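Step one of this worksheet: look at the structure below.
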Amino acid sequence: IAREFASAKIADAIGRTLIFDPSREIGAMEQNIRDQLARPHGKTLSISADVQSFGTPSFTWTKDGFLAFFSATGTVDALFKP
């Protein structure tokens, strides 16, 4: 809202004060991603993954909120059933 109606200086000042701790949400997202990837998905091509660790998430703002991007290390299993 500030970007639309205020000057860039005001928007920048407000943006620096709107700080929150996303660690609880990040932990829940990481666990949800682990759970979803652990279950095989697909019939002809079944894919699952074991996530061993996540990298530092990065965030980008959208008109509806923000998106979190995660990098991950682990193993991916794929099974083709013709």
Side-chain angles (χ1 to χ4, degrees):
I1 293 171
R3 275 186 241 151
E4 294 296 323
F5 298 108
S7 71
K9 283 184 178 182
I10 293 173
D12 184 51
I14 291 172
R16 282 185 272 121
T17 61
L18 294 176
I19 298 172
F20 60 95
D21 180 9
S23 60
R24 180 178 288 155
E25 289 82 9
I26 297 292
M29 282 190 262
E30 287 179 350
Q31 190 57 51
N32 188 20
I33 292 167
R34 283 181 205 273
D35 293 345
Q36 288 298 316
L37 291 176
R39 288 187 230 132
H41 293 278
K43 293 182 180 180
T44 303
L45 178 62
S46 176
I47 298 175
S48 63
D50 176 29
V51 177
Q52 279 121 23
S53 65
F54 287 96
T56 302
S58 63
F59 299 95
T60 188
W61 288 99
T62 70
K63 66 180 179 106
D64 299 318
F66 68 88
L67 295 174
F69 294 94
F70 294 87
S71 62
T73 59
T75 57
V76 175
D77 295 313
L79 177 61
F80 180 68
K81 300 177 207 168

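Quick caveat: nothing in here was measured; it's all calculated off a predicted structure.
Contact detail for Ser46 and Pro40: the closest heavy-atom pair is OG-CB, 3.2 Å. Between Gln52 and Gly74, the shortest heavy-atom distance links the atoms OE1-CA, 3.0 Å. For the pair Lys81 and Lys43, the tightest heavy-atom approach, listed with the atom from each and the gap, is CD-O, 3.9 Å.
Linking ILVMFWY residues whenever their side-chain heavy atoms come closer than 4.5 Å, directly or via other members, leaves Met29 and Leu67 in distinct clusters.
In this structure, the separation between OG on Ser53 and CD on Glu30 is 9.0 Å, given to the nearest 0.5 Å. Here CG of Leu37 is found 10.5 Å from OG1 of Thr75. Values are rounded to the nearest 0.5 Å.
Side-chain contact between Leu45 and Ile47: present, with at least one pair of heavy atoms (C-beta onward) separated by less than 4.5 Å. You'll find the side chain of Phe54 reaches within 4.5 Å of the side chain of Ile33, heavy atoms only.
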